[in-house]
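Structure, as structure tokens:
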Amino acid sequence: MDDKPWIKSYPAGMRWDIEIEAAPLQKILDDAVAKWPERPAVEFMGRRLGYRELGAMTDRAAKGLQQLGVGPGVHVGLYLPNSPHCVVAFFAILKAGGTVVNYSPLDAAKVLEHKIGDSQTDLLFTLDLAALYPNMAGMLGRTRLQRLIVGNIGEMSPAPEAVNAQLKAGRQLADVAWDERHVRFAALLDNDGRFTRHAVADPADCIAVLQYTGGTTGLPKGAMLTHTNLRAAVEQFAESTRGEPPILAEGEERFLGVLPPFHIYALTVNMLFGLRLGAELIQHIRFDPKAALEDIERKKVSVFCGVPTMFTALIDHPDTARHDLRSLKYCGSGGAPLPVEVGQRYTAVTGVDVSEGWGMTETSPSGTFTPRGKAKAGSCGIPLPNIDIKLLALDSPTTYVAPGEKGEMCIRGPNVMKGYWKNPEATAEGTTFDGLFRTGDVAYMDDDGYLFIVDRCKDMLLCSGFNVYPRVLEEAIYQHRAVAEVCVIGIPDEYRGQSPKAFVALKPGAAAFTLQELQAFLKDKIGKHEMIQALEIRAELPKTPVGKLSKKELIDEEARKRAAV
């Protein structure tokens, strides 16, 4: 039996057995500076930073960090939106010898406290925005956090006074308590940039980033992503765009970055991969469909990577038809399964196929990709180079299933994390008997190596003794012309054990429908044992900080309803 059936599905000119350079992650930026010193690297609020200028800023920030005590073993936090501050701080931490810890601006105080203590963060970057600074200022004195490096959005624009005046008028700036616990970002860079270089003896073992998972239950765990893990992910993505002819060209592309940079998908695909290609990163602090459409047209964006809800927002925006989007060469969807209907509608509107892939925080987050022109409906694609994926039997922890059979996806590759930070038990629980990482995703692989994710193991419903997978039901409901977004969860059923309930958000102007009408629509699309038994139509569905549909809130709401009866 072919143990890597996906290789035959690779485009001509693409290899599975690529080599990953054993080098520090920061070499990505250093190489780009050396190769494209005059090319624009970052565009933000009308200001362009060239690669030479960006490299010099990170060198000065690295020296400033070393003067504050940063070196090997020191963990430094990033609590930042998309802005040049994030790119500079990220590489400066690595150059200083430290480890990056990413924090989400939408984390609750309890989660922030947990991450600060668990990750051993004493120093952290943030901005003087009202949505950011007060949250971390409140952690000084309450947690082990000792000092904040505070930047200002305006300082990265061509007209800082005008930008700050506008932000102050809108009460978007916070008053910073400048004292010994605060360092101005500009002051950190006020030096000659001659930092002390620390050798990374083993890039495969040295942690570059502590990236916390956004798990559905309990406090998040820190995935230890090494220099090699992240470099491997970047090279895997790069190889997937080569082929004959290549999709992207080094030193020519423009990436639109709207995903928040604390998310592993945005970090690897938009920032690291973009810099690896010598691309210009066009940064938006937040995702706004209108602003995204305008920049794609005006700035000739060639690469746009997002999550499914962003693609839905772009194709549903009333101005979409008035914009020329022909500069786009590559659009990638990750973070969650892309509904087939959404992908087809986006291609019809833009003329660009959306390349769907699968990955996780723990895999940096590479995993699978969709070969150009070879998409299969409902599939997240085939394994990337240097990656092996096997399917573990759901009823046996030591048996892998054959192609066509469902099992838990398990992955091995240089992109897979070192383990969970200070949590060997969780690391062991997530590892198979022969060393692969257990993803928790239920899938099957066809004879061509394409993977079809059915659902999460813990999301699988048991209805009258039958396994029912919400993803299958969601795909069927997405075929309804009135449906914009849908989530299906299980609710208790005294007779069947569980029954599926659908939560639906409608397209603009679409008429609502009843449960009976939905059941009639689904009659020839799903089995009787899978039929939706409850329906709730809402103005919008809950989402995670990065825009992925979130079932956790819906599950919690249903539990509270049952408890109140």
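The model shown is predicted, which means the values in this text are computed figures rather than measured ones. Along the sequence shown, residues are numbered consecutively beginning with 1.
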Practice prompt. Enter the distance from Ile489:CD1 to Leu473:CG here, rounded to the nearest 0.5 Å.
Written response: 12.5 Å

Worksheet item: Charged N to carboxylate O under 4.0 angstrom, Asp17 versus Arg15?
Response: yes

Practice prompt. Return yes when atom NZ of Lys406 has more than 12 non-hydrogen atoms of other residues, nucleotides or ligands closer than 6.0 Å, and no otherwise.
Written response: no

Worksheet entry | Flag if over 12 foreign heavy atoms under 6.0 Å of CZ, Arg286 | no

Fill in: Pair Glu557 + Lys561: basic N to acidic O under 4.0 Å
no

Discussion item. Salt bridge check, Arg538 against Glu553: does any charged N sit closer than 4.0 Å to a carboxylate O?
Written reply: no

Worksheet, complete the sentence: Looking only at heavy atoms, the pair that brings Lys115 and Ser104 closest together is NZ-N, 4.2 Å

Discussion item. Between Tyr400 and Asp434, is the side-chain hydrogen bond (donor to acceptor under 3.5 Å, both in side chains) condition met? List the steps.
Written reply: CA-CA 11 Å; Tyr400 292 111; Asp434 56 349; 2.7 Å; yes

Discussion item. side-chain hydrogen bond (donor to acceptor under 3.5 Å, both in side chains), that's the test. Do Gln211 and Thr361 meet it? Break it down for me.
Written reply: CA-CA 7 Å; Gln211 188 76 25; Thr361 297; 5.7 Å; no

Worksheet item: Does the pair Asp388/Lys4 count as a salt bridge with the N-to-O cut at 4.0 Å?
Response: yes

Item to complete: Could you please spell out the steps behind the side chain to side chain contact (heavy atoms under 4.5 Å, CB included) verdict for Phe513 and Val483?
Response: CA-CA 10 Å; Phe513 47 82; Val483 174; 3.9 Å; yes

Item to complete: Give me the ring orientation class for Phe237 and Phe273: parallel if the planes are under 30° apart, tilted from 30 to 60°, perpendicular past 60°.
Response: tilted

Fill in: Electrostatic pair Arg560:Asp556 at N-O distance under 4.0 angstrom
no

Item to complete: Answer yes when Lys299 and Glu294 have at least one side-chain N-carboxylate O distance shorter than 4.0 Å, and no when they do not.
Response: no

Worksheet item: When rounded to the nearest 0.5 angstrom, what distance separates OG1 in Thr368 from CE in Met409?
Response: 6.5 Å

Discussion item. Please find the pair of heavy atoms, one from Leu384 and one from Phe369, that lie closest to each other, and give the distance.
Written reply: CD2-CD2, 3.5 Å

Worksheet item: Distance from Ser499 atom OG to Met531 atom CE, nearest 0.5 Å?
Response: 12.0 Å

Practice prompt. May I ask you to check whether Tyr212 and Phe262 place their ring centres under 6.0 Å from each other?
Written response: no

Response to the item:
For Leu132 and Pro81 the tightest heavy-atom approach is CD1-CD, 3.7 Å

Worksheet entry | Distance-minimising heavy-atom pair for Tyr10 and Pro383 | OH-O, 2.8 Å

Worksheet entry | salt bridge (charged side-chain N to carboxylate O under 4.0 Å, His left out) partners of Glu408, counting only residues at least two apart | Arg438

Worksheet item: Is Lys376 paired with Asp446 through a side-chain N to carboxylate O contact shorter than 4.0 Å?
Response: yes

Discussion item. Applying side-chain hydrogen bond (donor to acceptor under 3.5 Å, both in side chains) to Glu362 and Tyr420, what does each step give before you reach the verdict?
Written reply: CA-CA 9 Å; Glu362 293 89 341; Tyr420 291 113; 2.6 Å; yes

Worksheet item: With no hydrogens and no angle check, is any side-chain donor or acceptor of Asn102 less than 3.5 Å from a backbone partner on Tyr79?
Response: no

Worksheet entry | Heavy atoms from other residues, nucleotides or ligands near CD of Glu540 exceed 12 (cutoff 6.0 Å) | no

Worksheet item: Between Pro245, Pro371, Pro246, which is the residue that forms a side chain to side chain contact (heavy atoms under 4.5 Å, CB included) with Pro11?
Response: Pro371

Discussion item. Taking Arg298 first and then Asp295, would you say they form a salt bridge - that is, a charged N and a carboxylate O separated by under 4.0 Å?
Written reply: yes

Worksheet item: Which pair of non-hydrogen atoms, one from Ile411 and one from Gly367, has the smallest distance, and what is that distance?
Response: CD1-CA, 4.2 Å

Item to complete: Find the distance between CD (Glu530) and OH (Tyr469) and round it off to the nearest 0.5 Å.
Response: 10.0 Å

Discussion item. Working to the nearest 0.5 angstrom, can you tell me the gap between Ile18 CD1 and Glu239 CD?
Written reply: 5.0 Å

Item to complete: Using the side chain to side chain donor-acceptor pair (under 3.5 Å) rule, collect all pairs that involve residues 330-345, keeping only residues at least two apart or in two chains.
Response: Asp316-Arg345

Discussion item. Under the criterion side chain to side chain contact (heavy atoms under 4.5 Å, CB included), I'd like the reasoning laid out for Val486 against Glu474: C-alpha separation, chi angles, the key distance, then a yes or no.
Written reply: CA-CA 6 Å; Val486 58; Glu474 288 162 357; 4.0 Å; yes

Discussion item. Within this structure, what is the NE2-CG distance for the pair His480 and Leu518, rounded to the nearest 0.5 Å?
Written reply: 6.5 Å

